[in-house]
2 protein chains.
Amino acid sequence: MSEKTLSPDDIRAQWAVERPDLATEPMALIGRMGRLARVLSEAMEATFARHGLNYASFDLLATLRRSGDPYALTAGDLMAQMMITSGTVTNRINRLEAQGLVVRRSDKNDARRAIVALTEAGFAVIDRAVEDHVATQKRLTEMLSAEEFVQLDGLLRSWLDRL
Amino acid sequence: MSEKTLSPDDIRAQWAVERPDLATEPMALIGRMGRLARVLSEAMEATFARHGLNYASFDLLATLRRSGDPYALTAGDLMAQMMITSGTVTNRINRLEAQGLVVRRSDKNDARRAIVALTEAGFAVIDRAVEDHVATQKRLTEMLSAEEFVQLDGLLRSWLDRL
DNA sequence: TCCATTTATCTTGACGTCAAGATAGGTGGA
DNA sequence: TCCACCTATCTTGACGTCAAGATAAATGGA
């Protein structure tokens, strides 16, 4: 009935009434992880948008940029590093190519391969965007004390390792 | 060049070479949060799939189920609680209605309102699915010690509060 | 040399999501 | 009573993503 959003704890409280047999401690933790990921994503998307990008395009440009000179990778490399399917890679490349931020070249040794390279415009955009992105991430994390930061990073790292 | 996926730490190492001026400590932490959220989501989606559901449909059915008898909310309530737009609510309802898991009724006092209620089939599906879901969440979190669990939950909670 | 097999990328169709706008019903003041 | 405005939901069009399959090129063994 309530016209309001519920916190993960509110949701647990509802389940406690309706299904008191369920152990919902993990639900609150995982729910908070999800909320946090969402809030962080929204803040980062706003940063990308200031540079005419979104997560998908930032991700691809950043992958090329940090791969170092000559700022070029095959579609397959991009697929692996961005952890997406081949169709999604194709789509991301197409959109960035239309914006003039990357170019497709063919590999002289293997005509099946598509080599994707940053254009000068793409290089300029991602170099500016990543600075802004880092500043946003700093802002988002600086409400954690140094000790909290280290603790959280350690917990996330070991959980991820065990999964 | 590498045909491999990179850890958040690998990514930081690449940036350290290409853009040593950037302070990327937050990037590793936020990156790990994102990876973790993704791994957890994939595991939970697999659970939903065993019941013919996905995240979207589980979310709506669960919202109705835990709202308690008579397991019915307006589209607006669902929009607020699920934190999605009105168009997305309409879409989710349509799909679940086609599966016979919810029904739309009109509100006698306000013809603009769409009241969405669980069917018997919907109730049965969500009651089974949520048990499986809770078991999956238990499995995902039980690699954390009790102490780690409490620490992590506390850190996430306070970070979220401050954001 | 040939061709069956493997590899790299692209295409197609289906989903879930959102922003913006359309539609229809409700409400309050003149 | 009317109508301008507000509210609740639905529609439309655009994206990003994936799974599955199509296409084209490389490879290796007979």
Side-chain angles (χ1 to χ4, degrees), chain A residues 1-4 34 37-38 41-42 44-46 48-49 52-61 63 72-99 101-117, chain B residues 1-4 34 37-38 41-42 44-46 48-49 52-61 63 72-99 101-117:
Chain A
M1 286 303 159
S2 58
E3 261 290 3
K4 291 191 65 282
R38 180 174 174 152
S41 291
E42 282 167 1
M44 295 188 294
E45 286 285 355
F48 301 148
L53 303 174
N54 58 17
Y55 172 74
S57 50
F58 178 90
D59 189 24
L60 196 152
L61 295 179
T63 301
L73 294 170
T74 67
D77 293 334
L78 289 167
M79 175 169 66
Q81 288 197 33
M82 298 191 293
M83 299 188 290
I84 56 181
T85 62
S86 63
T88 301
V89 172
T90 299
N91 189 39
R92 287 187 182 184
I93 297 168
N94 287 344
R95 292 186 180 281
L96 283 167
E97 196 172 34
Q99 293 176 73
L101 302 180
V102 304
V103 286
R104 262 195 188 86
R105 296 196 299 246
S106 55
D107 186 327
K108 289 178 177 53
N109 302 323
D110 186 342
R112 293 171 304 177
R113 285 198 164 85
I115 295 180
V116 182
Chain B
M1 283 303 161
S2 58
E3 261 288 3
K4 291 192 65 284
R38 179 174 174 151
S41 291
E42 282 167 0
M44 295 189 294
E45 286 285 356
F48 301 148
L53 302 174
N54 58 17
Y55 172 75
S57 50
F58 178 91
D59 189 24
L60 196 152
L61 294 179
T63 300
L73 294 170
T74 67
D77 293 334
L78 289 167
M79 175 169 65
Q81 288 197 34
M82 297 191 293
M83 299 188 291
I84 56 181
T85 62
S86 63
T88 300
V89 171
T90 298
N91 189 39
R92 287 188 182 184
I93 296 168
N94 287 344
R95 291 186 180 281
L96 284 167
E97 196 172 33
Q99 294 176 71
L101 302 181
V102 304
V103 286
R104 263 195 187 86
R105 295 196 300 247
S106 55
D107 186 326
K108 290 178 177 52
N109 303 323
D110 187 341
R112 291 170 306 177
R113 285 198 164 85
I115 295 180
V116 182

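Just so it is clear, the values below take in all heavy atoms, side chains as well, and ignore hydrogens, waters and symmetry mates. Quick note on labels: first sequence line is chain A, next is B, and so on, each numbered from 1.
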request  = Determine the minimum heavy-atom distance between B:Arg92 and B:Met82, stating which atoms define it.
outcome  = NH1-SD, 3.2 Å
key: CD1-CG distance between B:Ile84 and B:Leu60, expressed to the nearest 0.5 angstrom   = 7.0 Å
Could you list, one pair per line, each protein nitrogen or oxygen that sits under 3.5 Å from a nitrogen or oxygen of nucleotides 3-7 of chain D, together with the distance?
residue: D:dT7; atom: O4'; partner: B:Arg112; partner atom: NH1; Å: 3.3
residue: D:dT7; atom: O2; partner: B:Arg112; partner atom: NH1; Å: 2.9

remark   = Distance col, row B:Thr74:OG1 vs B:Asp77:CG, nearest 0.5 angstrom, shows 3.0 Å
Whole angstrom value for the distance that separates P of C:dG26 from CG of B:Asp107 = 9 Å
key: Check: A:Asn54/A:Ser57 side-chain N/O donor and acceptor closer than 3.5 Å   = yes
ask   = Where does the angle between the aromatic ring planes of B:Phe48 and B:Phe58 fall among parallel (under 30°), tilted (30 to 60°) and perpendicular (over 60°)?
value = parallel
note = dist B:Glu45:CD -> B:Leu53:CG (nearest 0.5 Å) comes out at 10.0 Å
Pairwise N/O distances under 3.5 Å, protein to nucleotides 14-21 of chain C:
residue: C:dG16; atom: OP1; partner: B:Asn54; partner atom: ND2; Å: 2.3
residue: C:dG16; atom: OP2; partner: B:Arg95; partner atom: NE; Å: 2.5
residue: C:dT17; atom: OP1; partner: B:Arg92; partner atom: NH2; Å: 2.6
residue: C:dT17; atom: OP2; partner: B:Arg92; partner atom: NE; Å: 2.9
residue: C:dC18; atom: OP2; partner: B:Thr85; partner atom: N; Å: 3.3
residue: C:dC18; atom: OP2; partner: B:Thr85; partner atom: OG1; Å: 3.3
residue: C:dC18; atom: OP2; partner: B:Thr88; partner atom: OG1; Å: 2.6

inquiry  = Given 3.5 Å as the limit, does a donor-acceptor pair link the side chain of B:Glu97 with the main chain of B:Arg104, or not?
reply    = yes
query = Just by distance, do the side chain of A:Asp59 and the backbone of A:Ala56 share a donor-acceptor pair under 3.5 Å?
reply = no
query = Atom CG of B:Asp110 to atom P of D:dT9: distance rounded to whole Å?
reply = 8 Å
ask   = What is the bend of the helix from C:dT1-D:dA30 to C:dA30-D:dT1 when you compare the axis at one end with the axis at the other, using five pairs each and rounding to 10°?
value = 10°
note = Nearest heavy-atom approach of B:Thr63 to B:Leu78 is CG2-CD2, 3.8 Å
remark   = Here the distance between atom C1' of C:dC10 and atom CG of A:Leu78, to the nearest Å, is 15 Å
key: Inter-residue atom distance B:Leu96.CG - B:Leu61.CG, 0.5 Å rounding   = 5.0 Å
task = Starting at atom CZ of A:Arg105, determine the distance to atom P of C:dT9, rounded to an integer number of angstrom.
result = 14 Å
